[in-house]
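Source: prediction; values computed, not measured. The chains referred to below are lettered A, B, ... by the order of the sequence lines, with proteins before strands, and numbering in each begins at 1.
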Amino acid sequence: MQRTVTVIRGIKGIKDITPEQMPKWSVVEQTAHALAHSFGFHEIRIPVFEKTELYVHGIGGATDIVEKEMYTFPDKDGTSLTLRPEGTAGVVRAFIERGLKTYQPSRKLYYIGPMFRHERPQAGRLRQFHQFGVEFVGSVEPSADVEVITLLWRFFSALRLPGLSLELNSLGVLMDRQTYKKDLVAFLKTKEDLLCENCRRRVDANPLRALDCKVPRCREATTEAPYLTDFLSPSSKEHFDRVLQGLQALAIPYSINPRLVRGLDYYSMTTFEVSCSALGAQNAIGAGGRYDDLFETLGGTPTPAVGFAIGLDRVILALPEATLPAREPWIFVASFGEKGRPAGLSLLDSLRSKHVKADTDYNASTLKTLLRSADRLGAPYVVILGDDEVTNNQVILRNMATKEQENYPLDVASSAILSRLRFQQTRRNIN
RNA sequence: GUGGGUGUAGCUCAGUUGGUUAGAGCGCCGGAUUGUGGAUCCGGAGGUCGCGGGUUCAAUUCCCGUCACUCACCCCA
């Protein structure tokens, strides 16, 4: 018989998170939840797909994301739908749809979930990736910017990520950018023959991006380009200064990068990005900024807001082993024989009902194979329960590391084991 | 979308100027040890050499194509 069915593989750039990787994800997600809560943010779960127009209008039609990276498909009735490439547009849509006023307590929202972009995969870049993002809605105060950036920074600190740096810039308000753009374009035109092909196109399409180009010759050509920060209106400038002061007061280290330009159209005023030197080329690990015009763009009443998004897959890549918590103790039940087996099954159930993690291996039937299973599963304790034990109304509790064994009466075994584990636990905590 | 690298056992990789039954380590299964795991020793199973075509008496090896994985560019988290 020849096997003709081909194995169905997963989709390119879309990965499983295996049980081995889950402890890291749990730590990261729990940290996100706990920290967001402590800052007064409320979780929101928005759909993973929306009408395509939401992203086109929200993110900007000329951005790479909208132009070539979206998973877009027609619904049965022809409506164009898109898997969300980022979270902010969806949150803002939900916010507007529900009405800001009746949504009072949740002016500070956060989300965790998968995003989708059709890019060529590489280290730290997937087609389905995961973001933790927050949106602080309804405040123009620089303190709101500071709070969001603080949360961003504290999140990475809590996870002890190495090699972090925070960069800030201010894009000013639309007016500032318009006057600046004129100057910048004029400057770029004088250097046009020095720029790369890409940047030459950018001069007209999106001149700000030319400053962000990584081609060395372009960097050189634009070293004397006018700085956007010099074109900020007095109020924009003051806002930025107060953000910087706020960060200094909280001892959050940053540097100002006048070339920092975000890839989404909706940003204004403060923008920021955290990169991690422990990663490869894709080292932007979290970024965000203010987007005071987005609500209006999406048909809502003008509402200021500031937020960030963190790439959790990249966080996982940079996460040091030391951040993982100690494993909880648990019991492997090694029961065998005609009488031992059923006694073991009820002991398993009894332990579990007392919230003691307990497991066994139904495929192993001899003490030898059971112990080997326990060893492979990394069980710290094994309960040995054979026919002899049942006859004598006892169980053996074996410490796998020390090989010490203790006997307990079978009929009270689960509670005896529970208190034994508690004793071990508290002793460990004291030490 | 563009470029580079790599596809040989479950995993990490060797592989002879192209030549008979393609190897190692780790892992897995069994035994030494029929109520005590890890260690040691002994034995065993497991491979369309990514796929398709070409050159050749002969291809894992050379050529072409293709697919997959991967890194980088672009861009982004």
Looking at the side chain of [X], which of [options] is the nearest nucleotide?
{"X": "A/E119", "options": "B/G37, B/A77, B/G35", "result": "B/A77"}
{"X": "A/F129", "options": "B/U36, B/G37, B/A77", "result": "B/A77"}
{"X": "A/R398", "options": "B/A77, B/G37, B/A68", "result": "B/G37"}
{"X": "A/K403", "options": "B/G37, B/A72, B/G35", "result": "B/G37"}
{"X": "A/D375", "options": "B/U70, B/G38, B/C73", "result": "B/G38"}

Polar-atom pairs under 3.5 Å, protein N or O versus N or O of nucleotides 2-5 of chain B: list them with distances, or write none.
unit_1: B/U2; atom_1: O4; unit_2: A/R120; atom_2: NH1; d: 2.3
unit_1: B/G3; atom_1: O6; unit_2: A/R120; atom_2: NH2; d: 3.4

NA contact type, [X], heavy-atom cut-off 4.0 Å: base, sugar-phosphate, or nothing?
{"X": "A/I310", "answer": "nothing"}
{"X": "A/I59", "answer": "nothing"}
{"X": "A/R314", "answer": "base"}
{"X": "A/A374", "answer": "nothing"}
{"X": "A/G280", "answer": "sugar-phosphate"}
{"X": "A/I384", "answer": "base"}
{"X": "A/Q282", "answer": "base"}
{"X": "A/E389", "answer": "base"}

[X] [atom1] to [N] [atom2], straight-line distance once rounded to whole Å:
{"X": "A/F332", "N": "B/U36", "atom1": "CZ", "atom2": "P", "result": "16 Å"}
{"X": "A/D361", "N": "B/U36", "atom1": "CG", "atom2": "C1'", "result": "16 Å"}
{"X": "A/N283", "N": "B/A72", "atom1": "CG", "atom2": "P", "result": "10 Å"}
{"X": "A/E273", "N": "B/A77", "atom1": "CD", "atom2": "P", "result": "8 Å"}
{"X": "A/K12", "N": "B/A68", "atom1": "NZ", "atom2": "C1'", "result": "7 Å"}
{"X": "A/I11", "N": "B/A68", "atom1": "CD1", "atom2": "P", "result": "12 Å"}
{"X": "A/M400", "N": "B/A39", "atom1": "CE", "atom2": "C1'", "result": "14 Å"}
{"X": "A/R376", "N": "B/G10", "atom1": "CZ", "atom2": "C1'", "result": "14 Å"}

Can you tell me the pairing partner of [N] across any strand shown, Watson-Crick or G-U wobble, with both distances under 3.5 angstrom?
{"N": "B/C28", "result": "B/G44"}
{"N": "B/U34", "result": "none"}
{"N": "B/A39", "result": "none"}

Hey, which sits more toward the 5' end of RNA chain B by its nearest nucleotide, A/A281 or A/T63?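 Its nearest nucleotide being more 5', the pick is A/A281.
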
With nearest nucleotide decided by heavy atoms, which residue, A/L367 or A/Y267, maps closer to the 5′ end of RNA chain B?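 The residue whose closest nucleotide sits nearer the 5' end is A/L367.
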
For A/F336 and B/G35, do the ring centres fall under 5.5 Å apart while the planes stay under 30° apart?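 No; centroid distance or tilt outside limits.
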
Taking atom [atom1] in both [N] and [M], what distance in whole Å separates the two?
{"N": "B/A24", "M": "B/A14", "atom1": "P", "result": "16 Å"}
{"N": "B/G46", "M": "B/U2", "atom1": "P", "result": "43 Å"}
{"N": "B/A72", "M": "B/G54", "atom1": "P", "result": "38 Å"}
{"N": "B/U16", "M": "B/C28", "atom1": "C1'", "result": "30 Å"}
{"N": "B/C63", "M": "B/U56", "atom1": "C1'", "result": "12 Å"}
{"N": "B/G18", "M": "B/C64", "atom1": "P", "result": "16 Å"}
{"N": "B/G7", "M": "B/C51", "atom1": "C1'", "result": "11 Å"}
{"N": "B/G10", "M": "B/G52", "atom1": "C1'", "result": "27 Å"}

Go through the steps to decide whether A/T18 and A/Q21 satisfy the test side-chain hydrogen bond (donor to acceptor under 3.5 Å, both in side chains), and finish with yes or no. CA-CA 5 Å; A/T18 62; A/Q21 300 167 311; 3.2 Å; yes

Are OP1 or OP2 of [N] and a side-chain N or O of [X] less than 4.0 angstrom apart?
{"X": "A/R372", "N": "B/G30", "value": "yes"}
{"X": "A/K368", "N": "B/G30", "value": "no"}
{"X": "A/Q122", "N": "B/A72", "value": "yes"}

Centres of the A/Y291 and A/Y266 rings: under 6.0 Å?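 Centroid separation for A/Y291 and A/Y266: below 6.0 Å.
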
Report yes if the distance between the aromatic ring centroids of A/F308 and A/F132 is under 6.0 Å, otherwise no.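 That pair passes the under 6.0 Å test.
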
Could you walk me through whether A/E406 and A/N399 pass the side-chain contact (heavy atoms from CB on, under 4.5 Å) test, one step at a time? CA-CA 9 Å; A/E406 296 163 7; A/N399 181 322; over 6 Å; no

So among A/K12, A/R127, A/R125, which one has a salt bridge (Lys or Arg N to Asp or Glu O under 4.0 Å) with A/E119?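 In the set A/K12, A/R127, A/R125, the residue that makes a salt bridge (Lys or Arg N to Asp or Glu O under 4.0 Å) with A/E119 is A/R125.
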
With a 3.5 Å cut-off and no angle check, do the side chains of A/T72 and A/T82 form a donor-acceptor pair?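 Judged by distance alone, the side chains do pair up.
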
Can a donor-acceptor pair be found between the side chains of A/E135 and A/T88 at a distance below 3.5 Å?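 Yes, a side-chain donor-acceptor pair sits under 3.5 Å.
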
Does the pair A/E141 and A/S139 meet the rule for a side-chain hydrogen bond (donor to acceptor under 3.5 Å, both in side chains), with working shown? CA-CA 5 Å; A/E141 286 299 312; A/S139 176; 5.7 Å; no

For A/K51, I'd like to know if atom NZ has over 12 heavy atoms of other residues, nucleotides or ligands within 6.0 Å.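 Atom NZ in A/K51 is not crowded, with 12 or fewer foreign heavy atoms closer than 6.0 Å.
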
Nearest heavy-atom neighbours spanning A/A94 and A/I46: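 That closest heavy-atom pairing would be CB-CG2, 4.2 Å.
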
